[in-house]
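Working notes for the structure below.
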Amino acid sequence: MSAEQITKAVSLPAVDVSIERPGVYIVATPIGNLGDFSARAAATLAAVDIIFCEDTRHSRRLLDHFGINTPVSALHDHNEAHMSEQSLTRMAAAGQACALISDAGTPLISDPGYAFVRAAVAAGLPVRTVPGACALTAALSIAGLSTARFSFEGFLPAQTAAREARLSALASDPRTLVFYEALHRILASLTAMVEAFGAAREAVVARELTKRFETLYRGSLADIVARVEADADASRGEFVVMVAGNVAEQGADDAELERLLRITLAETDRRAAVRIVTALSGRPRNQVYQASLRVSAAGET
Ligand code: SAM
């Protein structure tokens, strides 16, 4: 397989954005590939009065690249709680609009912004989204693991004991598990996952998504650990680790779903049975519908 390098100069299309003043815009930026910056994100950031960001020098480079001159102000984990209320009150009193971006991807997803959005909501300000890149959804969309139900676990604790405790609490979870991981801990985390979930559990590690060295490692946890250990490059960069849910528990979940459907289908039609069991089980409606077809095909109702 080969990849052809194609360079096409395209400028971002002009888009109309209507900016509410006062108003707060939560704007996604690329996770590595500047081509993923959206026209609406650029137009919104150019139109607001101030942009809050984690690292002003880092974000200034992105903004300069797209010719956006809006002033920036630092809002990071250390000052977020204290700054948010003050900044938003001042901005609202002046009838201004602001945006929040993070160093990469979608703010609040393992990034600052939670206190900021809470403060904006408490102040009664409109909070709007300008969605875009996010390593979580980008990785899941190419992993080939079930996305019907997944649990985003963010970063694991750095301390060994806390990390092991967190992983062992997740060992029987039937949902796909998604973790963020930084380069210096990838091997330690994968090794701890082998211990907690078993060497054979299916997993996918997505490295350097959207960048030149984007790589996907697919296989059992043990296979992936061996490949990362053997290849020095494999432990460089940024990672999303996705682990298939516990299959035995999924089976138990499905058996329970089918049991509920057998009872309800015996009393009512499929439409009502699916509606009731969807509400009872919390499973997606389509999964419940498919299970209802299996139950009927097995001649159980
Ligand atoms: N807010 C960001 C998002 O929307 O994905 C995530 C920020 S978090 C501080 C950084 C972590 O996200 C990295 O350590 C890595 O786990 C993951 N990540 C970010 N960019 C990535 C990329 N291009 N490829 C793989 N993982 C990435």
Side-chain angles (χ1 to χ4, degrees), residues 3 25-38 40-41 44-45 51-59 61-63 65 74-80 99-117 127 129-145 147 150-158 163 166-167 170 176-193 203-218 221 224 227-228 231 233-243:
Y25 292 81
I26 308 299
V27 181
T29 58
I31 55 169
N33 189 324
L34 290 182
D36 294 334
F37 197 47
S38 79
R40 184 165 166 245
T44 303
L45 293 177
I51 300 169
F52 293 104
C53 57
E54 285 181 83
D55 175 341
T56 51
R57 276 198 302 180
H58 175 95
S59 292
R61 279 199 295 278
L62 172 84
L63 298 170
H65 181 87
L75 188 93
H76 38 69
D77 279 337
H78 310 297
N79 71 1
E80 186 185 350
L100 174 72
I101 59 177
S102 59
D103 282 354
T106 300
L108 281 86
I109 305 300
S110 289
D111 264 341
Y114 173 64
F116 187 75
V117 170
V127 183
T129 179
V130 182
C134 178
L136 162 69
T137 48
L140 274 175
S141 71
I142 54 173
L145 296 175
T147 50
F150 61 85
S151 174
F152 176 55
E153 296 295 320
F155 288 95
L156 283 167
R163 183 170 59 215
R166 175 78 56 84
L167 289 174
L170 293 168
T176 297
L177 303 171
V178 188
F179 304 88
Y180 277 174
E181 200 46 273
L183 66 162
H184 53 282
R185 283 212 300 262
I186 184 70
L187 204 50
S189 290
L190 287 170
T191 310
M193 287 177 195
V204 179
V205 173
R207 168 177 168 257
E208 296 287 83
L209 288 166
T210 76
K211 302 186 207 177
R212 187 161 167 218
F213 295 109
E214 175 174 305
T215 317
L216 256 79
Y217 301 94
R218 303 175 191 274
L221 277 169
I224 295 174
R227 284 160 69 193
V228 172
D231 177 2
D233 281 342
S235 54
R236 297 210 181 102
E238 297 189 282
F239 302 87
V240 181
V241 179
M242 294 158 285
V243 181

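For ligands, and for the atoms within them, numbers begin at 1 and follow the listed sequence.
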Counting only heavy atoms and a distance below 4.0 Å, can you name the residues contacting ligand 1? Ile31, Ala104, Gly105, Thr106, Ile109, Ser110, Asp111, Cys134, Ala135, Phe155, Tyr180, Glu181, Ala206, Glu208, Leu209, Lys211, Glu238, Phe239, Val240
Of all heavy-atom pairs between Val27 and Ala99, which one has the smallest distance, and what is that distance? CG2-CB, 4.1 Å
By side-chain hydrogen bond (donor to acceptor under 3.5 Å, both in side chains), which residues pair with Asp103, not counting sequence neighbours? none
Mind checking whether Leu167 and Phe179 have side chains closer than 4.5 Å, heavy atoms only? yes
pair Val127-Tyr25: side-chain heavy atoms closer than 4.5 Å: no
More than 12 heavy atoms of other residues, nucleotides or ligands under 6.0 Å from CZ of Phe155: is that the case? yes
Please examine the side chains of Glu54 and Asp111, heavy atoms only from C-beta on, and report whether any two atoms are closer than 4.5 Å. yes
